[in-house]
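The block underneath contains the structure these notes are about, expressed in structure tokens.
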Amino acid sequence: MNSNIDQNDEIEDNDQNESLYEHHKFVADSGQKPLRVDKFLMNFIENATRNKIQKSAKSGNIYVNGETVKQNFKVKAGDTVQVMFEHPPYEYLLVPEDIPLDIEYEDDTLLVVNKPAGMVVHPGHGNYSGTLINALVHHFDNLPNNSSDRPGLVHRIDKDTSGLLVIAKTEEAMAHLSKQFFDKTSEREYIAIVWGNIEEDEGTIEGNIGRNPKNRLQNLVYEGDLAEEGKPAVTHFKVIERLGYVTLVSCKLETGRTHQIRVHMKYIGHTLFNDERYGGDRILKGTTFTKYKQFVDNCFKILPRQALHAKTLGFTHPKTGKWMSFDTEIPEDIQNCVDKWRSYAKSQPENL
């Protein structure tokens, strides 16, 4: 599936003689079977509902191959689907917001922030305020834009992943830090709880990652003849503690693909605990006992997100040339979940 998302290209509506802005654009891949456009878009637009999509169709804002279509239009392989509106995409309207930042380090060149779980890094569909960038443009003036026109952002982590991010305050820092991430000379370690007992003490996962053609909100590993559909990705993992039906692991990224740890761990059969998008919010390992189900449900309540935290971050300072390394405590929600599994494993050794 090839796509250009959230661009603000204008097209002329000849009938109404007014400019529309492209909010989403998808090109159906060669394996796409005929599918209603409302269902097609629900697979690919995060936080979209069928009601919203149907309203867009009724107002004439959904186009296939340049023509307006109704909600029951069947999308076929090779079709270009666009969602258009009269206003620019909200993610380009960066409104400064006075949101507190947990700053681990700051100088005149960069800062390192510890992002809480639940905070979106940059504005996008369904998340137009309350993001890290909304906070950054409030607290700092004249942040440099990255290649996607996002102020200060060198790299990103998912909404429900907590942890460390480095932010560039100058053009020189943006270029220098971005090159480090591209050249794989930066260091990042994540802590995760995954389903199942990982038998190896440590290992490396290699597998090209690309968009899932059936659900654009997910990524997957492409193998064999299809490997070129994805981009190379390498994750190194090490077991920290085995907790019965789950394992606490350290993951170090050699590359930085979207959802990389989430996709790679699922690929080897160890989906992240409570990762709703990839199926980790179901019981994937364990017994059929009702008490066990209640225990897991309680763990989900304690940790209502995927169990993933960007714990450490290392890079060369763009100005001084010195190596800088930062480390954070494991967040309370993840630590409480670990403690709960540890107690369960000790009390149920015969069942594990």
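- Scanning for side chain to side chain donor-acceptor pair (under 3.5 Å) contacts around Y292 gives an empty result, with sequence neighbours left out.
- Partners of L226 under the side-chain contact (heavy atoms from CB on, under 4.5 Å) rule, at least two apart in sequence or in another chain, are Y222, E229.
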Return all side-chain donor-acceptor pairs below 3.5 angstrom for residues 64-74, not counting sequence neighbours, or 'none' if the list is empty.
| residue | atom | partner | partner atom | Å |
| --- | --- | --- | --- | --- |
| N65 | OD1 | T80 | N | 2.9 |
| N65 | ND2 | D79 | OD1 | 3.0 |

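- Listed by chain and number, the hydrophobic cluster partners of I302 come to none, as no ILVMFWY side chain reaches under 4.5 Å of it.
- Taking the ring centroids of F273 and F300, they lie under the 6.0 Å cut-off.
- D297 is linked by a side chain to side chain donor-acceptor pair (under 3.5 Å) to K293, counting only residues two or more places apart in sequence or in another chain.
- Residue pairs that meet the ring pair (Phe, Tyr, Trp, His ring centres under 6.0 Å) test with at least one member in residues 165-186, sequence neighbours left out, are H155-F181.
- Within the structure, salt bridge (Lys or Arg N to Asp or Glu O under 4.0 Å) contacts touching residues 182-196 (residues at least two apart or in different chains) are K179-D183.
- Under the side chain to side chain donor-acceptor pair (under 3.5 Å) criterion, S343 pairs with no residue at all, not counting sequence neighbours.
- Here R242 pairs with N197, D201 under the side chain to side chain donor-acceptor pair (under 3.5 Å) rule; sequence neighbours left out.
- Judged as a side-chain contact (heavy atoms from CB on, under 4.5 Å), and not counting sequence neighbours, the contacts of N114 are D102, E104, L164, H309, T328.
- In this structure Y278 satisfies the ring-ring contact (aromatic ring centres under 6.0 Å, His included) test together with H259, sequence neighbours excluded.
- Taking F140 as the reference, nothing meets the ring-ring contact (aromatic ring centres under 6.0 Å, His included) condition, with sequence neighbours excluded.
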